[in-house]
Structure formats: structure tokens, C-alpha cells
Amino acid sequence: MGLIFLGCAESAITKEELRHLNGYWEISNVVFPDGEQKDYGINPTIDFIQLEGTQGYRKKMQPKFNGSYQTSNQTEAFEVIPSQEYFVFSYKQNLDERQETLIQLDSLSFTVRDEEGVQYAYKRFQPISIPK
């Protein structure tokens, strides 16, 4: 899934803060252009994001109860492009190109908006711990 944010307000996200994107994330909710919202509880898959400089990738992971992860090893590469107001994630894979705008980012959450105006909110993934 790509990330694009559209908006008029000046972004408070700095280039240095982009490092917060590295790690494991789970979707918390989606807000559609008409205002309808879909909330997510427990997710069977999470996203792993790795960013170095302006180049990054995202891959889907399935957490297991033993603390390990299962993945298909299929990655989706992206480039972070600064715009006048925001950072834009540009995804190009085969004939598919899309962008998402990063509208909010801190160490525990981030939000992006795609080209259709759908907003995706993510929270830092916390592994489920089952006491022995």
C-alpha cells in the first residue's frame, strides 16, 4: 500500500523525524473521503518499513505467538520526496505507480493519505505476549 498526503497546512514533520518510520506497524483505522471510518482491532498482518535516506521498502509480515514473523519476502520499494508542504511516498512497481502523502508522524504513529483522499492511520506494532 502506498502513502500520499494531500493538504494545505504546513507540515510539522522534519526530515530527521522520518527515521521514526523504521520498524513494525499495524493499521489502526481508515477514513474515507465521505467521512466514513473503519476501525481495526487485531490485525493478522502488519507492515515492516525500512527507510535509508530517501529510499525505502515496505513488506507485509504475519506475527507469530513465539515472537517470530512470517513473510512472503515480497517488498514494495518507495522513495520519499519532499514537497512544499509534506513528504510524499512514491511507489513504482511494474506498471503500477502511486503516491501517498505523509500527514502525521511521531515515534508511535503515522498517517498517510492516498491519491483518492483515503486516509490510513498506523500505530507502532506491539507484539502479543503470552505468559508461560
Side-chain angles (χ1 to χ4, degrees):
M1 164 172 71
L3 303 176
I4 294 185
F5 294 101
L6 305 174
C8 298
E10 184 176 335
S11 174
I13 302 167
T14 66
K15 185 175 180 180
E16 291 76 27
E17 291 173 311
L18 292 176
R19 66 181 167 76
H20 291 311
L21 289 168
N22 289 322
Y24 297 91
W25 298 93
E26 65 180 320
I27 192 162
S28 58
N29 68 54
V30 175
V31 179
F32 299 93
D34 65 2
E36 182 180 341
Q37 181 169 317
K38 180 177 181 178
D39 294 320
Y40 290 83
I42 296 176
N43 297 297
T45 60
I46 60 172
D47 289 354
F48 175 75
I49 296 177
Q50 181 64 46
L51 180 66
E52 293 184 25
T54 61
Q55 303 298 310
Y57 69 88
R58 170 185 281 210
K59 70 167 61 174
K60 295 289 184 190
M61 311 286 282
Q62 291 180 317
K64 297 183 168 231
F65 289 112
N66 67 3
S68 66
Y69 298 90
Q70 180 177 342
T71 180
S72 67
N73 289 325
Q74 291 181 335
T75 62
E76 185 175 30
F78 65 89
E79 179 179 7
V80 176
I81 302 167
S83 71
Q84 289 182 343
E85 299 174 358
Y86 295 105
F87 289 97
V88 175
F89 297 178
S90 178
Y91 294 86
K92 295 178 184 177
Q93 194 162 352
N94 300 328
L95 299 175
D96 182 35
E97 290 187 25
R98 70 181 193 286
Q99 293 185 332
E100 294 179 310
T101 302
L102 182 61
I103 55 175
Q104 180 274 323
L105 172 65
D106 61 39
S107 64
L108 299 176
S109 65
F110 76 91
T111 305
V112 296
R113 187 175 300 128
D114 71 11
E115 294 165 310
E116 288 77 37
V118 180
Q119 188 170 298
Y120 300 88
Y122 292 84
K123 62 184 177 181
R124 180 80 59 192
F125 175 70
Q126 297 297 322
I128 298 171
S129 177
I130 300 177
K132 293 182 179 183

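We're numbering straight along the sequence, starting at 1.
- For the atom pair CZ (Phe87) and CD (Glu79), the distance works out to 12.5 Å, reported to the nearest 0.5 Å.
- With rounding to the nearest 0.5 angstrom, the CD atom of Glu76 is 12.5 Å from the NZ atom of Lys59.
- For Asp47 and Lys60, the salt-bridge test passes: some basic side-chain N is under 4.0 Å from an acidic carboxylate O.
- Asn22 places a side-chain N or O within 3.5 Å of a backbone atom of Leu51 that can act as its donor or acceptor partner.
- Going from atom CD of Gln93 over to atom CD of Gln74 covers 8.0 Å, rounded to the nearest 0.5 Å.
- Shown here for Pro63 and Pro44, the closest heavy-atom pair between the two residues is CD-O, 3.6 Å.
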Please lay out, stage by stage, how Asn29 and Lys38 fare under the test side-chain contact (heavy atoms from CB on, under 4.5 Å). CA-CA 6 Å; Asn29 68 54; Lys38 180 177 181 178; over 6 Å; no
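- Heavy atoms only, all atoms of each residue included: Glu26 and Gly41 are closest at OE1-O, 4.2 Å.
- Put simply, the side chain of Asp106 gets close to the backbone of Ser109: a donor and an acceptor are under 3.5 Å apart.
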Go through it in stages, so that I can follow the logic: the residues are Tyr69 and Tyr24, the test is side-chain contact (heavy atoms from CB on, under 4.5 Å), and I'd like the CA-CA distance, side-chain angles, deciding distance and then a yes or no. CA-CA 11 Å; Tyr69 298 90; Tyr24 297 91; 3.9 Å; yes
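- Residues Phe89 and Val30 fall within the same hydrophobic cluster, defined by Ile, Leu, Val, Met, Phe, Trp and Tyr side chains chained together at heavy-atom separations under 4.5 Å.
- In this structure, Lys92 NZ and Glu97 CD are separated by 5.0 Å, a value rounded to the nearest 0.5 Å.
- By the criterion of side-chain heavy atoms lying less than 4.5 angstrom apart, applied directly or through intervening Ile, Leu, Val, Met, Phe, Trp or Tyr residues, Val80 is grouped together with Ile13 in one hydrophobic cluster.
- Between Phe48 and Phe125, the ring centre distance reaches or exceeds 6.0 Å.
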Please evaluate residues Gln126 and Arg124 with respect to the criterion side-chain contact (heavy atoms from CB on, under 4.5 Å), reporting the C-alpha separation (whole Å), side-chain torsions for both, the decisive distance (0.1 Å), and the verdict. CA-CA 6 Å; Gln126 297 297 322; Arg124 180 80 59 192; 3.9 Å; yes
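- Side-chain atoms of Arg98 do not come within 3.5 Å of backbone N or O of Asp114 as any donor-acceptor pair.
- No continuous path of ILVMFWY side-chain contacts below 4.5 Å connects Ile81 to Tyr86, so the two sit in separate hydrophobic clusters.
- Side-chain heavy atoms closer than 4.5 Å link hydrophobic residues (I, L, V, M, F, W, Y) into clusters, and following such links, even through other members, never connects Ile46 to Leu108.
- Although no hydrogens or angles enter the test, the distance criterion places no donor-acceptor pair under 3.5 Å between the side chain of Ser90 and the main chain of Phe78.
- Using modelled atom types, one side-chain atom of Glu17 and one backbone atom of Thr14 make a donor-acceptor pair closer than 3.5 Å.
- Counting heavy atoms from C-beta on, the side chains of Ser28 and Asp39 never come closer than 4.5 Å.
- Between Leu21 and Phe110, some side-chain heavy-atom pair lies under the 4.5 Å cut-off.
- The hydrophobic clustering, which links ILVMFWY residues whose side-chain heavy atoms are closer than 4.5 Å, places Met61 and Ile27 apart.
- Scanning all heavy atoms of the two residues, the minimum distance from Leu105 to Leu18 falls at CD2-CA, 3.8 Å.
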